[in-house]
Amino acid sequence: MITNCCRLSIALLVTVAVTACASPPQAVTPVANGLEARPSQQLWSELTLATSPREIMLIEAELASRGQTSSGGEYLGRRTSVGVGVASFTRTKSSVADKDCSDFASSAQAQKFFLAQGGPSADPHGLDRDGDGYVCEFGTALVRNVAARTFRPAVVSRPPAPRVMASEQCYTGPKGGTYTLTASGLMNYDGC
């Protein structure tokens, strides 16, 4: 016969055992995952290999805050600038809204803060009102960076060649010879 005390002990043991076997809850780690401590060259390598849009955004914001815009064939905005200005996230009026762009030293710093606060899917401070995932002109900076690195062949415009009309008029050259002008503008010494 099992007493109430034993039942309670067994239930407590089962709860402890189940809790111990269960996966520990995911700790909320800093959004940047230590990006600030990583060397820039490592970040450029990670950017090349990154597949998650959020991961790419985090790395780009960190590199931009360091004043770096390119390394080798990789550059900021190469894969993300197409999303600038495209409303990808639903935004509602923020109740917090205690930050605005003037609170940050640069658009990269604002973007890092935005991502650390849950961006791009969340925007508690109302920094990304258009819902494209970029704040305080950071997206515009990415687009400008891409434009500066995208090859566009120069269009060479040549002025039209002057139109030369053939004439029957005889001209006298510097040494006394006579000539006429052909349709292509050449001198014809046999024409007079």
**Study point:** Glu36 versus Arg66, closest heavy-atom pair with distance
**Key:** O-NH2, 3.2 Å
**Study point:** Polar side-chain atom of Asp123 near backbone of Asp128 as donor-acceptor pair, under 3.5 Å
**Key:** yes
Check your understanding: Rounded to the nearest 0.5 Å, what separation is found between the CD atom of Glu62 and the CG atom of Leu115?
Key -> 11.0 Å
Review point. With a 4.0 Å cut-off, would you call Arg38 and Glu46 a salt bridge?
Key: yes
Practice item. Drop me the distance from Thr140's OG1 to Asn145's CG, to the nearest 0.5 angstrom. Key: 12.5 Å
Exercise for review: Using the test side chain to side chain contact (heavy atoms under 4.5 Å, CB included), find all partners of Ser88 that sit at least two apart in sequence or belong to another chain.
Suggested key: Val86
Review point. Would Leu63 and Val143 show up in the same hydrophobic cluster when neighbours are defined by side-chain heavy atoms closer than 4.5 Å?
Key: yes
Could you tabulate the donor-acceptor pairs under 3.5 Å formed by side-chain atoms of residues 75-85, not counting sequence neighbours?
residue	atom	partner	partner atom	Å
Arg78	NE	Glu74	OE2	2.8
Arg78	NH2	Glu74	OE1	3.1
Arg79	NH1	Ala50	O	2.7
Arg79	NH2	Leu47	O	2.3
Arg79	NH2	Ala50	O	3.3
Thr80	OG1	Glu60	OE1	2.8
Thr80	OG1	Glu60	OE2	3.2
Ser81	OG	Gly77	O	3.0

Exercise for review: Could you note down all residue pairs passing salt bridge (charged side-chain N to carboxylate O under 4.0 Å, His left out) where residues 135-150 supplies at least one of them, sequence neighbours left out?
Suggested key: none
Review point. Ser52: what forms a side chain to side chain contact (heavy atoms under 4.5 Å, CB included) with it, not counting sequence neighbours?
Key: Arg54, Glu55
Exercise for review: Can you see which heavy atom on Cys136 is nearest to which on Ser107, and at what distance?
Suggested key: O-CB, 2.9 Å
Revision key, fill the gap. Nearest heavy-atom approach of Ile59 to Leu43 is CG2-O, 3.5 Å
Review point. Which heavy atom of Gln109 sits nearest a heavy atom of Ser65, and at what distance?
Key: NE2-CB, 3.2 Å
Review point. Can you check whether Pro120 reaches Phe114 side chain to side chain, under 4.5 Å on heavy atoms?
Key: yes
Check your understanding: Taking Gln111 for the side chain and Phe138 for the main chain, is one N or O donor matched with an acceptor at less than 3.5 Å?
Key -> no
Study note, to complete from the structure: Sorted by chain and number, sequence neighbours left out, side chain to side chain contact (heavy atoms under 4.5 Å, CB included) with Ser71 holds for Gln41, Trp44
Point to revise | Partners meeting ring-ring contact (aromatic ring centres under 6.0 Å, His included) with Phe113 (sequence neighbours left out) | key: Phe104, His125
